[in-house]
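Just below is one structure, and these are the notes that go with it.
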Number of protein chains: 2
Amino acid sequence: MPSANAVVRKPAETPDAPEKRVRNRANTEQAILSAAKRLLAEEGFQNFGINAVARGAGCDKQLIYRYYGGLDGLVEAIGTDLGSWVKDRIPDDTGGMFLLTYGDLMERLALLFLEALRADPLMRRIVAWEVSDNSEQVRRLSEARSKALVGWLERMRGSLTPPKGIDTVAVNAFIFSAIQHLVLSAAVGDQCAGLALKTPKDWEKAAIALKRIVRGVYG
Amino acid sequence: MPSANAVVRKPAETPDAPEKRVRNRANTEQAILSAAKRLLAEEGFQNFGINAVARGAGCDKQLIYRYYGGLDGLVEAIGTDLGSWVKDRIPDDTGGMFLLTYGDLMERLALLFLEALRADPLMRRIVAWEVSDNSEQVRRLSEARSKALVGWLERMRGSLTPPKGIDTVAVNAFIFSAIQHLVLSAAVGDQCAGLALKTPKDWEKAAIALKRIVRGVYG
DNA sequence: CTTGCTACTCACCGGCTGGTGACAGATTGG
DNA sequence: CCAATCTGTCACCAGCCGGTGAGTAGCAAG
């Protein structure tokens, strides 16, 4: 059966595209990493594998093993950026607004986080991955992200004193959970629990509801 | 290995395991369906496939094609139960409590939903599936579940008038999103955004925070 | 018994997966 | 100059996947 396995070679069928494939490890590493990110963002973690990444990067999968030690190392390399996600995506200053109270701050942070997540497909996929897979690599991703988020909240809080008698950690966990799930639902189905989330107007309504919730707990 | 072509029939060699494999279509259909549910609940949607289900049901995959028309039909059969999930899992009566206001009702419903989701691994997997996959079958599952949830809220609301000036659909979407994501996070990692969710005491704190949020918007 | 239907099993296919060992070409050092 | 090393390519493996065609066991009616 495998005897008649005439291997058809296809030698660079595009002569017009010189594909100046220079021998450069750093470049290749970067190509692999960005291909992995792009793939994860566009296709999700379902079809995320060695072969797919190698195909996307236009190189042999062997190089992924050599340079990253396999998929796990590659995921870890992706996760390294996670720590600085909030910092890169969300302005650290308060936009010139006067955030006098904890409620002011949390309202603003919640809206910033919602917008940032909405604009970042890769991060959405990772969040979805976190609640769908309890493998070691994903758990590490999750922890890094969680820590970064909590640290961001802490940093932004500054010297503001949270309201007395409220378990802010628990309440904030609910608030940011709500944002994450809502954005994820919208990304796959343009709606969430009967709430349409397609047009800018829809999102405007969502933002108003979010503000109302935050103001409800934090005044 | 294949040379010894003597197909060793093992006609119930295990007297302890009766394996009463009667020829009964209805039984087999049920076995397939429950195997699929069990598999989905325990392993998640990642390794959910024809071969795995057939293996779990102890029958040939061909029967899945015949009886359900493939995996899609099987998933649809699973989804059929979804419409009655809230009805089966959550008591329709108000537990003898006096729910005088919309806030009373929503607080109770939120807590009921949280407990029900926490107790149902299959439902958790399906929710995770919904935010990770936009295939047609999953979209159908999602719509059925969403409709059931909204209908349940509507039914439970009864003649209670929601507060004026509040977009209850949007607010409720956030509240139930929060519950879903929190429970999902807890199921894979025993925590969510820095909030530990392992011991009953942890969940007690989460419940208090949830009540506070609901009361904050709905009074 | 034979015929015919139903419930069920099996063998096989192409295709893709993760993973490995061997090899070719370029670069560098002695 | 040759030799070692680095970068990249390829062929090949076992294993699982979804899917299908063909065949087998049991049962009931004629």
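Each chain gets a letter, A, B and so on, in the order the sequences are listed, and its residues count up from 1.
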Donor-acceptor contacts under 3.5 Å from residues 110-123 of chain A side chains, at least two apart:
residue	atom	partner	partner atom	Å
A/Asp120	OD1	A/Leu122	N	3.0
A/Asp120	OD1	A/Met123	N	3.1
A/Asp120	OD2	A/Trp85	NE1	2.6
A/Asp120	OD2	A/Arg89	NH2	3.4

Between C/dG21 (P) and A/Lys61 (NZ): distance, integer Å: 13 Å
Distance in angstrom units between B/Ile32 CD1 and C/dA7 P, rounded: 12 Å
d(CZ, A/Arg25; C1', D/dT5) in whole Å: 12 Å
Interface residues of residues 44-55 of chain B with DNA chain D (non-hydrogen, below 4.0 angstrom): B/Gly49, B/Ile50, B/Asn51, B/Arg55
Set of side chain to side chain donor-acceptor pair (under 3.5 Å) partners for B/Gln191, sequence neighbours left out: none
N/O donor to acceptor pairs below 3.5 angstrom from side-chain atoms of residues 197-205 of chain B, sequence neighbours left out:
residue	atom	partner	partner atom	Å
B/Thr199	OG1	B/Lys201	N	3.4
B/Thr199	OG1	B/Asp202	N	3.1
B/Thr199	OG1	B/Asp202	OD1	3.4
B/Thr199	OG1	B/Asp202	OD2	3.2
B/Asp202	OD2	B/Lys198	N	3.0
B/Asp202	OD2	B/Thr199	N	3.0

B/Asp72: side chain to side chain donor-acceptor pair (under 3.5 Å) partners, not counting sequence neighbours: none
Test side chain to side chain donor-acceptor pair (under 3.5 Å) applied to B/Ser132 - qualifying residues, sequence neighbours left out: A/Ser132
Residues in contact with DNA chain C, drawn from residues 62-76 of chain A - heavy-atom cutoff 4.0 Å: A/Gln62, A/Tyr65
A/Lys37/A/Asp81 ion pair, N-O < 4.0 Å: yes
Pairing residues for B/Glu107 by the side chain to side chain donor-acceptor pair (under 3.5 Å) criterion, not counting sequence neighbours: B/Arg215
Whole-Å distance separating the CD atom of B/Glu29 from the P atom of C/dT6: 14 Å
Between P of D/dG26 and CG of B/Asn27, the distance in whole Å: 17 Å
Residue-phosphate contact under 4.0 Å: B/Thr28 side-chain N/O, C/dC8 OP1/OP2: yes
pair B/Val53-B/Lys61: side-chain heavy atoms closer than 4.5 Å: no
Run the side-chain donor-acceptor check on residues 179-190 of chain B: report pairs under 3.5 Å with partners two or more places apart or on a different chain.
residue	atom	partner	partner atom	Å
B/Gln180	OE1	B/Arg145	NH1	3.2
B/Gln180	OE1	B/Arg145	NH2	2.9
B/Gln180	NE2	B/Phe176	O	3.4
B/Ser185	OG	B/His181	O	3.2

Can you check nucleotides 27-30 of chain D for protein contacts, nitrogen or oxygen pairs under 3.5 Å, and list what you find?
none

Residues that B/Glu76 engages under salt bridge (Lys or Arg N to Asp or Glu O under 4.0 Å), provided they are two or more places apart: B/Arg140
Pairing residues for A/Tyr67 by the side-chain contact (heavy atoms from CB on, under 4.5 Å) criterion, not counting sequence neighbours: A/Arg25, A/Thr28, A/Glu29, A/Ile32, A/Leu63
